[in-house]
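Take a look at the structure below.
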Amino acid sequence: MSLPNSPYEAFVQTTRRFPDHPFLHIPASARRVYTSDPHGECTALTLSYREMLAAIETQRVEYARAGYGSSARVALMVDNRPDFFVHFFALNALGASIVPLNGDSHAQEIVYIAQHSEIALAVGIGSGLVRLREALGESIPIFDACAPAGQDIASRQVSLPLHITTSAQTGAEVPDIHPATLDDECAIVYTSGTTGQPKGCLLDNRYFLSIAELYLSEGGLCEVRTGVERLITPLPLFHMNALACSTMAMVLSGGCVIQLDRFHPRSWWQDVATSGATIMHYLGVMPAILLGLDDPADADAARSHQVRFGYGANVDPVHQRTFESRFGIPLIEAWAMTETGGAIVIASSHEPRDIGTRCFGRPRDGMAVRLVDQEDREVANDVPGELLVRRAGPDQRQGFFRGYLKDAAATDAAWQGGWFHTGDIVRRDDDGNLHFVDRLKNIIRRAGENIAALEVEACLLEHVAVQQTAVIAAPDALRDEEVMACVVVAPGHAADRTTAASLQQWCLERLAYFKAPGYIAFVDALPTTSTNKVQKTRLAAFGANPLLAPLCFDLRAFKKRTV
């Protein structure tokens, strides 16, 4: 069998091998969200590779007849529904590229991405269709993903032939499938902008196939069995993890994607157990939330699951060992970025994993890594430095993103000196394992000391009065920057000076004095992204002038070096 040149070709090849294996499973809890009656009766949906390919072929023909083919870009705003997969593979078969959109995007965000990526068409469903029409009006054609049947894929007949190749089957001439190459543009995934507008990462077919191959060849605790695995994920399809990693890993291995609409803590274990999931993908916040649940109704499901490993990033060190012990699931911490996914993915899939230290394993053969200081000098073991990566060998960018759309300057800056600058601060231990410290932008520089916001956050989260926290930098005329903690107090605790002083003292007893917060501001909630990551840029106003923040306490005078 020839190697595939595109996600579509990979899907066709797997369908020939495992036509009746399940490709997609949507639990009843997720399907219920997409109905007009969220409290009504709903059953789970399972679609085989044969059934899904039939739907893909039907959609491919519809797109081709409408004139959308090679080099076209099409925005998809269809949430995590089964239709996303249909449109993605159908467009890929024609050589078209998708631009996945966050369903929570505001009009100005949609307009920016639509204009910046020069899409020829936007596809929506449900509330996404409404948002597209509000944002784009008549400026760009908008297609209802339910048309023409007026139903989503879960409600349609999908028993068409495995391959639609003749006019006799459709009543008209069927356009040819695009002769794909690995270099064809497959998707543009926009990364959340930390400064200015989001950047569009150009991802080609090679990227999608390579990230899956890296996942399947990881081995160790992450062994993937051909034709067996069922991977459950609540992550959004507009991000590379669900779109490229989990989807394509299951396609190449003949496995099943169990796609949730989003993370629902109360129904999580029930969905995991009843769906027969064997792999789970997680975000760091998920283990913390699941450990905090006290729901006897979920106890049996949490014990009866078949999950062999979890795969994700940024689990709190305090929670990792407890979660693994309670639920019997090793949490494999991994590192990657949208820009690096098809080339560099590092995971703690082999023992020793150094649980509870933010360890994400060692680079594999073919992956080159440097840790450097601000002057681009290599740092010693256990000294934090910025992580720089590239492929070993002659083609050092193979599998990486192709660049930032219409931003050659940003692309060149990211690849300064022939290494991709990740912006992540990492340390290497004496055994060669890498440990995540923090994002470079989250490093607070106080009186010549570098302080990782993540370390201070982890310390505060151990305090009984803290439900959530985000640590940012505040300007300081004497020390350059000061540590500022924005805190959501746990129920039953007061947002007052006494609590603030208690939190600072807690940190002073556990961290070097200079790492303790000099300012503590109490907030009702922290701004988050669609994947529950705190948007620290939206807290910038607090940091710029902390004493103007409501319920902010200046505790700098109590930060003193002790012998």
Side-chain angles (χ1 to χ4, degrees), residues 104 192 194 234-236 262-266 268 282-295 312-323 331 333 356 358 436-439 441-444 451-474 482-508 510-511 515-544 546 549-553 555:
D104 293 324
S192 56
T194 54
L235 306 184
R262 59 181 300 176
F263 176 55
H264 297 285
R266 292 292 175 187
W268 171 258
Y282 67 88
L283 295 173
V285 68
M286 288 170 53
I289 294 173
L290 292 171
L291 285 170
L293 292 178
D294 184 18
D295 187 356
N314 295 325
V315 62
D316 191 287
V318 175
H319 298 138
Q320 186 176 9
R321 191 178 300 277
T322 303
F323 185 95
L331 297 179
E333 287 284 278
R358 300 194 187 277
F436 184 76
V437 177
D438 210 337
R439 289 288 293 162
K441 64 185 180 185
N442 290 337
I443 295 296
I444 301 163
I451 303 165
L454 197 62
E455 180 183 13
V456 184
E457 290 166 357
C459 182
L460 285 167
L461 285 169
E462 295 180 26
H463 195 287
V464 67
V466 177
Q467 180 170 306
Q468 288 181 290
T469 186
V471 170
I472 60 175
E482 182 55 89
V483 181
M484 179 175 180
C486 301
V487 174
V488 179
V489 295
H493 295 270
D496 57 17
R497 187 174 186 86
T498 300
T499 300
S502 173
L503 297 180
Q504 187 194 52
Q505 185 59 35
W506 176 271
C507 292
L508 287 170
R510 290 161 175 78
L511 301 173
K515 297 179 181 179
Y519 296 104
I520 292 183
F522 294 108
V523 296
D524 293 330
L526 296 175
T528 59
T529 68
S530 59
T531 53
N532 291 316
K533 294 180 181 178
V534 175
Q535 292 180 301
K536 292 190 176 182
T537 52
R538 292 177 58 185
L539 294 171
F542 285 177
L551 290 176
C552 182
F553 299 94
L555 306 173

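The chain is numbered in sequence order, starting from 1.
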Side chains of P517 and L503: does their closest heavy-atom pair fall under 4.5 Å? no

Pairwise distance OG1(T498) to NE2(H493) - rounded to 0.5 angstrom: 13.0 Å

Here the gap from F263 atom CZ to I289 atom CD1, rounded to the nearest 0.5 Å, amounts to 5.0 Å

Taking all non-hydrogen atoms of both residues, which atom of V483 and which atom of I451 are closest, and how far apart? CG2-CD1, 3.7 Å

Which value, rounded to the nearest 0.5 Å, describes the distance between C459 atom SG and L454 atom CG? 12.0 Å

Pair R358 + E333: basic N to acidic O under 4.0 Å: no

Minimum heavy-atom distance A495-L551, with the two atoms named: O-CD2, 3.8 Å

Does any part of the side chain of Q467, heavy atoms only, come nearer than 4.5 Å to the side chain of V489, both counted from C-beta? no

Stepwise, does the side-chain contact (heavy atoms from CB on, under 4.5 Å) test hold for V488 with T469? CA-CA 6 Å; V488 179; T469 186; over 6 Å; no

ring-ring contact (aromatic ring centres under 6.0 Å, His included) with Y519: which residues, sequence neighbours excluded? none

Candidate pair L555 and R497, rule side-chain contact (heavy atoms from CB on, under 4.5 Å), full reasoning: CA-CA 9 Å; L555 306 173; R497 187 174 186 86; 3.7 Å; yes

For P546 and A544, work out which heavy atoms get closest and say how close. CD-C, 3.9 Å

Side-chain heavy-atom pair V315, Y282 within 4.5 angstrom cut-off: yes

Shortest non-hydrogen separation from Q320 to G356 and the atoms involved: OE1-N, 3.1 Å

The reported gap from NE2 in H463 to SG in C507 (rounded to nearest 0.5 angstrom) is 8.5 Å

Taking atom CG of D316 and atom CG of L461, what is their separation to the nearest 0.5 Å? 6.0 Å

Check: I520 and C552 side chains under 4.5 Å, non-hydrogen atoms: no

Heavy-atom donor-acceptor pair, D438 side chain to A453 backbone, under 3.5 Å: yes

Gap between atom CE of M286 and atom CG of L331 - 0.5 Å precision: 9.5 Å

Close side-chain approach of F522 and P550, heavy atoms under 4.5 Å: no

Within-4.5 Å side-chain heavy-atom neighbours: N314 and F436: yes

side-chain contact (heavy atoms from CB on, under 4.5 Å), that's the test. Do L526 and Q535 meet it? Break it down for me. CA-CA 8 Å; L526 296 175; Q535 292 180 301; over 6 Å; no

Establish, for the pair R510 and W506, whether the NZ or CZ atom is under 6.0 angstrom from the six-membered ring centre and no further than 45 degrees off its axis. yes

Starting from the C-alpha separation in whole Å, work towards a yes-or-no answer on side-chain contact (heavy atoms from CB on, under 4.5 Å) for L293 and R266. CA-CA 8 Å; L293 292 178; R266 292 292 175 187; 3.5 Å; yes

Charged N to carboxylate O below 4.0 Å: is that the case for K536 and E457? yes

Looking at P265 and L290, what are the two nearest heavy atoms and their distance? O-CD2, 4.0 Å

So which heavy atom on T499 is nearest to which on A494, and how close? OG1-O, 2.6 Å

